[in-house]
Colleague: 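If you scroll down you'll find the structure; I have some questions about it.
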Amino acid sequence: HTVAHIPHPEQAYSSKNNVATPSKYPNPSTPEPPCKFYRSCEGFTARGSFSGMDGEVDTYDDAMRESRKPISRLSPTQWLLGLRWDSEDRKVWVEGAARIALRRDRLSPDDERDVTRIPPDGTPGYCIFALRGGVRLDARTRLFAGVENITNRDYRIHGSGVNGPGTSFVAGVQMQF
């Protein structure tokens with residue numbers, strides 16, 4: 001996960017080779033800092049990941065004729081996205097997250113026969129949302145809580161045979177010794 005450094009707007013900048021670099025001496029003709037809305041984006045961190053797979057395997061039928069078929073139980077294309085805010089003292093945080101999976105309907109012959117795990121027309125796509133937050137009580141103790149699958153969406157991870165949980169509430173304490 002990548003975090004962009006956003007300098008304070010009062011920090012002076014000088015331009016060298018069209019790149020804004022910090023300077024000790026303010027100059028009114030220097031460019032603005034990279035984040036114009038510093039006050040509104042301070043403390044925020046965005047994260048994301050993407051995965052996509054596809055593949056085929058050579059198979060043979062009863063007459064020993066070769067053909068290409070999709071590989072069994074390949075995960076669908078998926079994204080995980082999140083936006084987190086941390087307080088200036090890093091004691092409090094709040095995060096929103098989304099998990100998005102596309103439909104997987106390109107099935108292998110084994111997947112097509114496995115109707116207990118994979119619906120006959122493939123696994124439907126889904127998008128589920130979560131909201132989480134926490135507080136650091138001291139150097140060794142943290143509390144956290146969250147709501148998962150806020151919209152109570154029916155979904156199934158491809159090939160699992162089990163639908164995911166509906167709206168769920170989680171809470172916990174983390175203590176380090």
Side-chain angles (χ1 to χ4, degrees), residues 1-8 19-20 33-57 68-108 110-112 114 116-137 139-176:
H1 110 142
T2 304
V3 178
H5 171 69
I6 301 170
H8 196 280
V19 176
C35 183
K36 252 178 138 171
F37 308 103
Y38 178 79
R39 299 270 183 244
S40 64
C41 62
E42 183 176 351
F44 283 91
T45 305
R47 64 181 171 88
S49 66
F50 168 83
S51 71
M53 293 186 235
D54 204 18
E56 294 179 327
V57 64
R68 300 204 103 191
K69 300 287 182 183
I71 293 175
S72 182
R73 291 199 181 86
L74 279 178
S75 293
T77 301
Q78 298 180 62
W79 292 268
L80 296 172
L81 306 170
L83 182 63
R84 176 178 168 135
W85 173 82
D86 286 279
S87 64
E88 192 172 323
D89 60 4
R90 314 250 331 143
K91 286 187 175 184
V92 177
W93 62 272
V94 178
E95 171 181 79
R99 176 186 297 255
I100 304 160
L102 297 183
R103 175 181 190 78
R104 176 53 88 176
D105 55 3
R106 191 166 178 263
L107 304 174
S108 72
D110 288 341
D111 291 346
E112 289 172 349
D114 191 359
T116 60
R117 294 175 199 240
I118 300 171
D121 295 329
T123 305
Y126 59 87
C127 181
I128 55 174
F129 300 97
L131 184 61
R132 305 176 192 105
V135 62
R136 180 171 42 102
L137 300 178
R140 296 182 175 177
T141 310
R142 292 179 174 93
L143 299 176
F144 62 89
V147 182
E148 306 286 329
N149 194 0
I150 293 171
T151 59
N152 200 28
R153 167 88 187 212
D154 285 334
Y155 71 98
R156 178 178 290 197
I157 295 173
H158 181 68
S160 70
V162 178
N163 284 351
T167 301
S168 304
F169 299 92
V170 295
V173 177
Q174 179 184 14
M175 298 178 78
Q176 296 176 334

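Below, each value reflects all heavy atoms present in this structure, side chains not excepted, and no hydrogens, waters or symmetry copies.
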Colleague: Hey, could you give me each pair passing side-chain hydrogen bond (donor to acceptor under 3.5 Å, both in side chains) that has a residue in residues 163-174? Not counting sequence neighbours.
Modeller: R156-N163

Colleague: If a pair satisfies side-chain hydrogen bond (donor to acceptor under 3.5 Å, both in side chains) and one of its residues is in residues 118-129, list it, with sequence neighbours excluded.
Modeller: T123-H158

Colleague: CG of N149 to CZ of F169: how many Å apart, nearest 0.5 Å?
Modeller: 10.5 Å

Colleague: Kindly write out the residues that satisfy salt bridge (charged side-chain N to carboxylate O under 4.0 Å, His left out) with D154, not counting sequence neighbours, or none if the list is empty.
Modeller: none

Colleague: Check salt bridge (charged side-chain N to carboxylate O under 4.0 Å, His left out) between D54 and all other residues, then give those that pass, not counting sequence neighbours.
Modeller: R104, R106

Colleague: Could you tell me which non-hydrogen atom of G125 sits nearest to which non-hydrogen atom of R153, and how far apart they are?
Modeller: O-NH2, 3.0 Å

Colleague: Can you tell me how far apart CD1 (I100) and CG (L81) are? Round to the nearest 0.5 Å.
Modeller: 5.0 Å

Colleague: Count the heavy atoms of every other residue, nucleotide or ligand shown that sit under 6.0 Å from CD of Q176, and state whether that count exceeds 12.
Modeller: yes

Colleague: Run the side-chain donor-acceptor check on residues 70-78: report pairs under 3.5 Å with partners two or more places apart or on a different chain.
Modeller:
unit_1, atom_1, unit_2, atom_2, d
S72, OG, D111, OD1, 2.7
R73, NH2, D114, OD2, 2.3

Colleague: Scan for salt bridge (charged side-chain N to carboxylate O under 4.0 Å, His left out) pairs involving residues 157-167, sequence neighbours excluded, and state none if there are none.
Modeller: none

Colleague: Check side-chain hydrogen bond (donor to acceptor under 3.5 Å, both in side chains) between N152 and all other residues, then give those that pass, not counting sequence neighbours.
Modeller: none

Colleague: Partners of S51 by side-chain hydrogen bond (donor to acceptor under 3.5 Å, both in side chains), sequence neighbours excluded?
Modeller: none

Colleague: With a distance cut-off below 6.0 Å to the six-membered ring centre and an angular limit of 45° from the axis, does R99 pair with W79 as a cation-pi contact?
Modeller: no

Colleague: Only counting residues at least two apart or in another chain, list the ones meeting side-chain hydrogen bond (donor to acceptor under 3.5 Å, both in side chains) with R142.
Modeller: none

Colleague: Apply salt bridge (charged side-chain N to carboxylate O under 4.0 Å, His left out) to R132 and list each qualifying residue two or more places apart in sequence or on a separate chain.
Modeller: E95, E148

Colleague: With sequence neighbours left out, write down each residue that passes side-chain hydrogen bond (donor to acceptor under 3.5 Å, both in side chains) with R140, or none if nothing qualifies.
Modeller: none

Colleague: Name all residues meeting the salt bridge (charged side-chain N to carboxylate O under 4.0 Å, His left out) criterion together with D105; count only those two or more places apart in sequence or in a different chain, and write none if there are none.
Modeller: R103

